[in-house]
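What follows is a short report on a single structure.
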Amino acid sequence: MNPKLSLAIGILCISFSPIFVKLAGVSPITTAFFRVFTAWVVLAPYCLAKIDLKIAQKDMMTAMFGGLIFASDIAVWNISLQHISATVSTLLANLAPVWVGLISFFILRKKSGLLFWAGTCVAILGMIILVGYQNIMHLQFNIGIVLALLASLFYAIYIVITNNILKRIGTLVFMFYNMLAASVFLLVIGIWQGNNMVSFSLNAWLCFLGMGLLCQLTGWITINYSLKFLEGTKVSIALLGQTVIAGIMAVFLLHETLALKEIIGSVIILAGIAITFLKPSQSIK
């Protein structure tokens, strides 16, 4: 398949995730569990029959620990969708690249270029506009915004933890262990919370299938495939398109609307994130 076409399909698939979450109408943790577990159940037979799942213990632990972080990301993001619009929640969840840069600079001691800091400042400006400077001054935040930001932090940690593992093991092997750990973790949390994990309406089951097969399995397999051929920076910028697609679908399917400050803040945040991915041009000598 053409890598660009594969990327486009992947972006379209994952853009449906917030729509399915809201339409399912069940516990965010339960929704997160069935998104990951459905994908794993479909993938597992193929992996067990066709792929050698024997990998180094360190890589297995990294994949599974990454699964716990990914599960936390999905769960917290799903909860945020109960409090804010699908567009704003998806947008804030895409702030992960900014967190990755900050973690790399302050914890891993890696240098960040001028464009990264410029993009970060632009993204923060967008956040101030979106949240409202009065709310920031008085420390009054919508819980949905806080949770969406926390989800983006979880995903940034996930990226840092699993950054190099796909260079050593296959994508499907990684997804097998990663989603297995995520499924078990979400199931335990769901049972501990006393959530209904069995009896759902037909609408909910269809949403679970959509999230598992379309968003989790098809979406991330096609995106990971494109990463083998396309520059990671360009793929990351292209992934921002899911915010736009999710926003358009939310208008028609969920009848959501955005205030002017949310539109302006969202555009500025997207611009800031895109700037962090840019590379300085090198002069030809």
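For this chain, numbers begin at 1 and follow the sequence in order.
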**Report entry** side-chain hydrogen bond (donor to acceptor under 3.5 Å, both in side chains): pairs with one or both residues in residues 246-256, sequence neighbours excluded
**Finding:** Lys22-Glu256

Report task. Using the side-chain hydrogen bond (donor to acceptor under 3.5 Å, both in side chains) rule, collect all pairs that involve residues 52-70, keeping only residues at least two apart or in two chains. Result -> Asp59-Arg168

Is the shortest heavy-atom distance from the side chain of [X] to the side chain of [Y] under 4.5 Å?
{"X": "Ile221", "Y": "Leu172", "answer": "yes"}
{"X": "Ile84", "Y": "Ile145", "answer": "yes"}
{"X": "Leu92", "Y": "Ser152", "answer": "no"}
{"X": "Ile29", "Y": "Asn78", "answer": "no"}
{"X": "Asn196", "Y": "Thr30", "answer": "no"}
{"X": "Gln242", "Y": "Thr90", "answer": "yes"}

My understanding is that only residues two or more places apart in sequence, or in another chain, count here; which of them pass side-chain hydrogen bond (donor to acceptor under 3.5 Å, both in side chains) with [X]?
{"X": "Thr31", "value": "none"}
{"X": "Gln82", "value": "none"}
{"X": "Ser266", "value": "none"}

Report, one line per pair, each donor and acceptor closer than 3.5 Å where one atom sits in a side chain of residues 2-15; sequence neighbours left out.
residue: Asn2; atom: OD1; partner: Lys4; partner atom: N; Å: 2.8
residue: Asn2; atom: OD1; partner: Leu5; partner atom: N; Å: 3.3
residue: Ser6; atom: OG; partner: Thr222; partner atom: O; Å: 2.7
residue: Ser15; atom: OG; partner: Ile11; partner atom: O; Å: 2.6

**Report entry** Partner of Ile103 under side-chain contact (heavy atoms from CB on, under 4.5 Å), chosen from Ile157, Ile159, Val98
**Finding:** Ile157

Measuring from atom [atom1] of [X] to atom [atom2] of [Y], what distance do you get when rounded to the nearest 0.5 angstrom?
{"X": "Leu43", "Y": "Met175", "atom1": "CG", "atom2": "CE", "value": "6.0 Å"}
{"X": "Leu214", "Y": "Thr38", "atom1": "CG", "atom2": "OG1", "value": "12.5 Å"}
{"X": "Phe20", "Y": "Leu81", "atom1": "CZ", "atom2": "CG", "value": "13.5 Å"}
{"X": "Leu186", "Y": "Leu68", "atom1": "CG", "atom2": "CG", "value": "9.0 Å"}
{"X": "Leu91", "Y": "Ser85", "atom1": "CG", "atom2": "OG", "value": "9.0 Å"}
{"X": "Ile275", "Y": "Cys121", "atom1": "CD1", "atom2": "SG", "value": "10.0 Å"}

Kindly give the heavy-atom pair with the smallest separation between [X] and [Y], and that separation in Å.
{"X": "Asn195", "Y": "Ser27", "value": "ND2-OG, 3.0 Å"}
{"X": "Arg35", "Y": "Ile74", "value": "NH1-CD1, 3.5 Å"}
{"X": "Val36", "Y": "Ser183", "value": "CG1-OG, 3.5 Å"}
{"X": "Ala75", "Y": "Pro28", "value": "O-CB, 4.3 Å"}
{"X": "Leu95", "Y": "Ala123", "value": "CD2-CB, 4.3 Å"}
{"X": "Ala204", "Y": "Val26", "value": "CB-CG1, 4.1 Å"}

Of all residues at least two apart in sequence or in a different chain, which pass the side chain to side chain contact (heavy atoms under 4.5 Å, CB included) check with [X]?
{"X": "Val41", "answer": "Phe37"}
{"X": "Leu187", "answer": "Phe33, Ile191, Met197"}
{"X": "Thr257", "answer": "none"}
{"X": "Leu53", "answer": "Cys47, Leu48, Ile51, Val173, Phe176, Tyr177"}

Query raised in the report: Leu149 and Ile143: same hydrophobic cluster, using ILVMFWY side-chain contacts below 4.5 Å?
Result: yes

Query raised in the report: Should Met61 and Leu180 be regarded as members of a common hydrophobic cluster, given that ILVMFWY residues are connected when their side-chain heavy atoms come within less than 4.5 Å of each other, either directly or indirectly?
Result: no

Report task. Among residues two or more places apart or on two chains, list those pairs meeting ring-ring contact (aromatic ring centres under 6.0 Å, His included) that have a residue in residues 184-215. Result -> Phe34-Phe200, Phe34-Trp205, Phe34-Phe208, Phe200-Trp205, Phe200-Phe208, Trp205-Phe208

Requested in this report: With sequence neighbours excluded, give me every ring-ring contact (aromatic ring centres under 6.0 Å, His included) pair touching residues 45-86.
Outcome: Phe70-Tyr158

Requested in this report: May I ask you to decide if Ile223's main-chain N or O and Ser226's side chain share a donor-acceptor pair within less than 3.5 Å?
Outcome: yes

**Report entry** Thr162 side chain to Ile165 backbone, donor-acceptor under 3.5 Å
**Finding:** no

Requested in this report: Could you walk me through whether Leu254 and Leu23 pass the side-chain contact (heavy atoms from CB on, under 4.5 Å) test, one step at a time?
Outcome: CA-CA 8 Å; Leu254 303 177; Leu23 290 177; 3.7 Å; yes

